[in-house]
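A quick write-up on the structure given underneath.
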Amino acid sequence: LAVRKDGVVASGDNVGEVNVRKVGEAASIFRRETGGGAVSSLAWLKDGTLAVGTTDKVELWKTGRCVNTLKVSSDCIALCALPDGSFLGGSGEGEIKHWRDGKCVRELKGHTDYVLSLIRLKNGKIASGSYDRTIKIWDLEKGKCLHTLEGHTDVVTALAELPDGRIASASQDKTIKLWRDQTCEATLTGHSDWVRCLAVLPDGTLASGSLDTTIKLWNTKDGACIRSFRHHTKRVSALAVLKDGTLLSGSHDGNVEALR
């Protein structure tokens, strides 16, 4: 799932379809038809272009048509839009590529396996989570890894930044960890299967989605689970938040649900 500033939502699936529409409206603004590889990541760029990551390329869509195709050597599972209109793409080879105007202008190397999550922090640094079980903090301009956070016992699947600057990380080890600088301050447990996605609500509440088909809401001050939802019949694979605080969830059951 990817939410544009005006509330337009893009969703993608394993057969390559992308559906772009406003929440609550049945009609699509545009659709990318099936084929061309499973959709593994989505991101809205500064100018309203939609970046679509697939098994071997990143497509750039604008006003309902593909305007550019960037070839990649392996799955682009993570995308991160940057304020200047450029974007980052994580690869199956552990590299993070910085794309600007259709060209790769920089590569960040340090992970040893798939990069599954990328976020830009409020301080301008980049955080990445990987199949190699680590989280790395990067200085993008210098192309340098500043810190490596270790603690998860399985794949790091998702990252989110909390309002107080802490980083939340989700993992296939079924836990969520809260990091301040390089220290893990808390480990949140409660999911019975992989935690696949994270999102932060306007009040600072952390939402998590899991292969156990549930969505959980967490108080990040004391680590308590506030509430658990089961609206999907299969794994929850994506979460996103609208401006009004509505939580969107995407699932392998083919549905996008809105929780208010």
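Everything quoted here is computed from the prediction, not taken from an experiment. Just so it is clear, the values below take in all heavy atoms, side chains as well, and ignore hydrogens, waters and symmetry mates. If you read the sequence from its start, that first residue is 1, and numbering goes on from there.
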Which other residues belong to the hydrophobic cluster containing W194, where Ile, Leu, Val, Met, Phe, Trp and Tyr are joined when side-chain heavy atoms lie under 4.5 Å apart, directly or via other members? L211
Under the 4.5 Å side-chain heavy-atom rule for ILVMFWY, direct or indirect, which residues accompany V39? V8, V18, V20, I29, F30, L42, W44, L50, V52, W61
Would you sort out whether K136 and S130 count as a side chain to side chain contact (heavy atoms under 4.5 Å, CB included), showing the intermediate values? CA-CA 9 Å; K136 292 185 181 292; S130 169; over 6 Å; no
Please name the pair of heavy atoms, one in [X] and one in [Y], separated by the smallest distance, quoted to 0.1 Å.
X    : Y    : result
A43  : A81  : CB-N, 4.4 Å
A51  : V58  : CB-CG1, 4.3 Å
A168 : L178 : CB-CD2, 3.7 Å
K97  : C104 : CB-SG, 3.9 Å
G89  : L79  : CA-CD2, 4.0 Å
H191 : S210 : ND1-CB, 3.2 Å

Sole candidate of K62, K5, R4 that passes salt bridge (Lys or Arg N to Asp or Glu O under 4.0 Å) when paired with D47: K62
With respect to E59, which candidate in R32, R65, K71 satisfies the salt bridge (Lys or Arg N to Asp or Glu O under 4.0 Å) definition? R32
Output the distance between atom [atom1] ([X]) and atom [atom2] ([Y]), rounded to the nearest 0.5 Å.
X    : Y    : atom1 : atom2 : value
F87  : H98  : CZ    : NE2   : 9.0 Å
Q172 : D154 : CD    : CG    : 5.0 Å
L108 : D139 : CG    : CG    : 9.5 Å
Y131 : D113 : OH    : CG    : 7.0 Å
R106 : I96  : CZ    : CD1   : 12.0 Å
K46  : S86  : NZ    : OG    : 10.0 Å

Distance-only donor-acceptor hits, side chain of residues 235-244, under 3.5 Å, sequence neighbours excluded:
unit_1, atom_1, unit_2, atom_2, d
S237, OG, G250, O, 3.4
D244, OD1, T246, N, 2.9
D244, OD1, T246, OG1, 2.8
D244, OD2, T246, OG1, 3.3

Kindly check if the number of other-residue, nucleotide or ligand heavy atoms within 6.0 Å of CG (D181) is above 12? no
Derivation of the side chain to side chain contact (heavy atoms under 4.5 Å, CB included) call for V156 and L149: CA-CA 11 Å; V156 179; L149 312 183; over 6 Å; no
Within the distance-only criterion (no hydrogens, no angle test), does the side chain of [X] pair as donor or acceptor with the backbone N or O of [Y] below 3.5 angstrom?
X    : Y    : value
R230 : D212 : yes
D173 : T175 : yes
S41  : C76  : yes
T214 : K216 : no
S171 : T153 : no
D253 : H232 : no

Should L82 and I126 count as side-chain neighbours, where that means a heavy-atom distance under 4.5 Å? yes
Side chains of N68 and T49 in contact at under 4.5 Å (non-hydrogen atoms): no
By side-chain contact (heavy atoms from CB on, under 4.5 Å) - contacts of E185 (at least two apart): R166, R180
Under the side chain to side chain contact (heavy atoms under 4.5 Å, CB included) criterion, do D164 and T220 qualify, and how do the steps go? CA-CA 10 Å; D164 61 8; T220 57; 5.7 Å; no
Test log, rule side chain to side chain donor-acceptor pair (under 3.5 Å), inputs S249 and H231: CA-CA 9 Å; S249 60; H231 292 290; over 6 Å; no
Run the numbers on V256 and N19 for side chain to side chain contact (heavy atoms under 4.5 Å, CB included), then give the verdict. CA-CA 11 Å; V256 176; N19 192 359; over 6 Å; no
If two hydrophobic side chains count as joined below 4.5 Å and joins carry through other members, does [X] share a cluster with [Y]?
X    : Y    : answer
V200 : V195 : yes
L70  : L88  : no
W179 : I176 : no
F229 : I226 : yes

So that I can tick it off, tell me whether R133 and E150 are bridged by a salt bridge, with the cut-off set at under 4.0 angstrom between side-chain N and carboxylate O. no
Going by the rule side chain to side chain donor-acceptor pair (under 3.5 Å), which residues pair with S128 if we only count those two or more places apart in sequence or in a different chain? H111, W138
What side-chain donor-acceptor pairs closer than 3.5 Å can you find for residues 114-123, not counting sequence neighbours?
unit_1, atom_1, unit_2, atom_2, d
S117, OG, L159, N, 3.1
K122, NZ, L162, O, 3.1
N123, OD1, K125, N, 2.9

